[in-house]
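Here the structure is laid out as structure tokens; the discussion comes afterwards.
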Amino acid sequence: MISEYIENRTLGRFVMHSNNRLLAGKGIREGNPVPINTFVYNRGESQRVIIDEIEYIMPQTCILPLVANQHFRFEHPENLVAWQFNREFYCIVDHDAEVGCVGFLFYGIQHPMFIRLEPEEVSEMEHLADVFSRELKVRDNFQGEMLRTLLKRVIIKVTRIAKQQHESYQLNPDEKMDIVRKFSLLLEANFKTQHEVKFYAALLNKSPKTLSNVFALLKQSAPSVLIRNRIILEAKRYLHYTDRSAKEIAYELGFESPAHFSKYFKQHTGHNISEFRTTEERD
């Protein structure tokens with residue numbers, strides 16, 4: 001079942017999926033993805049989920065945050081509840097001081113993030129699912145704000161739980177980890193054109209060496225590695241889901257030449273671009 005709320009004035013959109021066998025994310029397969037964030041709650045047994053053509057096991061009673069440009073499909077979508085919302089309905093960037101999820105749950109450097117729920121948290125999530133279902137049937141001037149209030153509660157709750165399960169947040173205060181979140185958001189916005197650590201360090205008012213040292217102290221991968229991983233991830237998405245040539249992908253991702261991109265891809269994946277695409281098509 002799919003229930004949807006749309007604000008005609010703002011084009012804000014909120015969608016709830018319950019036992020929907022067609023629940024999936026198309027990502028960039030059909031051009032630029034609609035900017036929409038997703039919480040998936042697995043209320044059944046553990047199951048397989050394929051995200052950007054990599055298979056994971058989604059544990060039972062856990063929540064998985066996903067973003068628009070991720071391709072995903074589940075083994076048993078009928079056992080899931082999902083909440084989706086776009087920027088116009090609730091902007092997590094504008095409300096970051098309230099919910100603190102940008103660069104962590106969404107557009108973060110750790111993905112996928114399977115957030116386990118304890119029994120009392122499962123009860124609360126089931127209750128929220130019921131309240132969402134009832135509220136989506138209401139038609140009055142307060143419906144949008146009520147749905148936003150419920151969504152905000154879900155975001156804050158899941159963010160709290162995730163931080164409790166994240167080693168770096170247990171060892172360091174949120175203020176320090178905010179550097180990682182800010183870097184993650186800057187990376188997501190600029191990785192296609194900015195490949196050097198110095199660009200991101202400057203925006204964070206730090207030298208490249210200082211930024212790298214901060215990440216090391218916080219037990220995070222080096223900024224250079226995170227930049228590289230994000231570029232390679234996007235390259236693989238284009239190769240998986242589009243028919244763009246290596247030349248087109250190279251320029252899209254900010255490389256000076258197709259030859260430079262091909263060398264970069266080979267160096268960091270161990271595959272030539274043509275071999276990678278042929279292998280994926282065969283699989």
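Quantities reported herein were computed from a predicted structural model and do not represent experimental measurements.
Between S262 and I273 the shortest heavy-atom distance is OG-CD1, 3.6 Å. The two residues E78 and N19 make their nearest non-hydrogen contact at O-OD1, 2.7 Å. Across M58 and F74, no two heavy atoms sit closer than the pair SD-CE2, 3.7 Å. Looking at every heavy atom in both residues, A250 comes nearest to F261 through CB-CB, 3.5 Å. Between S133 and M16 the shortest heavy-atom distance is OG-CE, 3.3 Å. In this structure, C101 and D96 approach most closely via the heavy-atom pair N-OD1, 3.6 Å.
V102 is not connected to L66 by any chain of hydrophobic side-chain contacts under 4.5 Å among Ile, Leu, Val, Met, Phe, Trp and Tyr, and they are in different clusters. When hydrophobic clusters are built by joining Ile, Leu, Val, Met, Phe, Trp and Tyr residues whose side-chain heavy atoms come closer than 4.5 Å, directly or via intermediates, L151 is grouped together with V93. Hydrophobic clustering (ILVMFWY, side-chain heavy atoms < 4.5 Å, transitive): V40 and I63 are in distinct clusters. V15 is not connected to V158 by any chain of hydrophobic side-chain contacts under 4.5 Å among Ile, Leu, Val, Met, Phe, Trp and Tyr, and they are in different clusters. Hydrophobic clustering, with ILVMFWY side chains joined whenever heavy atoms are under 4.5 angstrom apart, groups V131 together with L147.
One finds a salt bridge joining K192 and E252 here, because a Lys/Arg side-chain nitrogen approaches an Asp/Glu carboxylate oxygen to under 4.0 Å. A salt bridge links R237 with D52: the distance from a Lys NZ or Arg NE/NH1/NH2 to an Asp or Glu carboxylate oxygen falls below 4.0 Å. Taking the charged nitrogens against the carboxylate oxygens, E124 and R153 do have a contact shorter than 4.0 Å, which makes a salt bridge. Using a cut-off of 4.0 Å between Lys/Arg side-chain N and Asp/Glu carboxylate O, R181 and D174 are scored as not salt-bridged.
How far CG of L233 is from CZ of R228: 12.5 Å, rounded to the nearest 0.5 Å. Between the CZ atom in R73 and the CG atom in L22 there is a gap of 14.5 Å [rounded to 0.5 Å]. Going from atom CD of E188 over to atom OG of S184 covers 9.0 Å, rounded to the nearest 0.5 Å. Taken to the nearest 0.5 Å, the NE2 atom of H17 stands 10.5 Å off from the CG atom of L80. Separation of atoms CD1 (I161) and NZ (K163) is listed at 12.5 Å; rounding is to 0.5 Å. The line from CZ of F132 to CE of M125 is 9.5 Å long, rounded to the nearest 0.5 Å.
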For side chain to side chain contact (heavy atoms under 4.5 Å, CB included), just list the numbers for L117 and Y41, CA-CA rounded to whole Å, side-chain angles, deciding distance to a tenth of an Å, and then say yes or no.
-> CA-CA 10 Å; L117 302 180; Y41 165 43; 3.8 Å; yes

Output, in order, the C-alpha distance, side-chain angles, deciding distance and verdict of side chain to side chain contact (heavy atoms under 4.5 Å, CB included) for M146 and V138.
-> CA-CA 10 Å; M146 180 62 80; V138 175; over 6 Å; no

Dump the intermediate steps for side chain to side chain contact (heavy atoms under 4.5 Å, CB included) on S123 and E121, then the final yes or no.
-> CA-CA 5 Å; S123 297; E121 294 160 349; over 6 Å; no

List the steps, then state whether side chain to side chain contact (heavy atoms under 4.5 Å, CB included) holds for I109 with Q220.
-> CA-CA 9 Å; I109 56 180; Q220 303 295 311; 3.4 Å; yes

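Checked against the 6.0 Å centroid threshold, F39 and F106 count as a close aromatic pair. Centroid-to-centroid, the aromatic rings of F191 and H195 stay 6.0 Å apart or farther. Taking the six-membered ring for Trp and the full ring otherwise, F276 and F265 have centroids separated by under 6.0 Å.
E248 and Y238 share no donor-acceptor pair across their side chains, judged by distance under 3.5 Å alone. Under 3.5 Å, the side chains of H71 and E53 contain no donor-acceptor pair of N or O atoms. Between the side chains of T10 and E88, not a single donor N or O lies within less than 3.5 Å of an accepting N or O.
The main-chain N or O of S46 is never found under 3.5 Å from a side-chain atom of Q60 such that the two would form a donor-acceptor pair. In this structure, the side chain of E4 does not engage the main chain of F14 through any donor-acceptor pair within 3.5 Å. A donor-acceptor pair under 3.5 Å is absent between the side-chain atoms of E55 and the main chain of R48, judged by distance alone. Listed for the Y90 side chain is no donor-acceptor partner under 3.5 Å among the backbone atoms of G12. At distances below 3.5 Å, at least one donor-acceptor pair connects side-chain atoms of T149 with backbone N or O atoms of E145. In this structure, the side chain of N42 engages the main chain of E45 through a donor-acceptor pair within 3.5 Å. Between the Q70 side chain and the A68 main chain, no donor and acceptor come within less than 3.5 Å of each other. Between the side chain of N69 and the main chain of E234, no donor-acceptor pair closer than 3.5 Å is present. In this structure, R139 contributes its side chain and L136 its backbone to a donor-acceptor pair below 3.5 Å. No side-chain donor-acceptor contact under 3.5 Å links N272 to the backbone of S274.
Taking the six-membered ring where tryptophan is involved, the planes of F104 and H166 are perpendicular, since the angle between them exceeds 60° and thus also 30°.
For the pair I179/F215, a side-chain contact is recorded, criterion being any heavy-atom separation below 4.5 Å from C-beta on. With contacts defined as side-chain heavy-atom distances shorter than 4.5 Å, the pair L64/I51 qualifies. Two residues are said to be in side-chain contact when any heavy atoms from C-beta on lie closer than 4.5 Å; I155 and K152 fail this criterion. Between E118 and T61 there is no side-chain heavy-atom pair separated by less than 4.5 Å. You'll find the side chain of K266 stays beyond 4.5 Å of the side chain of Y264, heavy atoms only. Between R13 and I36 there is a side-chain heavy-atom pair separated by less than 4.5 Å. At a threshold of 4.5 Å between non-hydrogen side-chain atoms, the residues P112 and F72 do not count as touching. L211 is listed as a side-chain neighbour of F183, based on a closest heavy-atom distance under 4.5 Å.
Both tests pass for R148 against the ring of F89: distance under 6.0 Å to the centre and angle within 45° of the axis.
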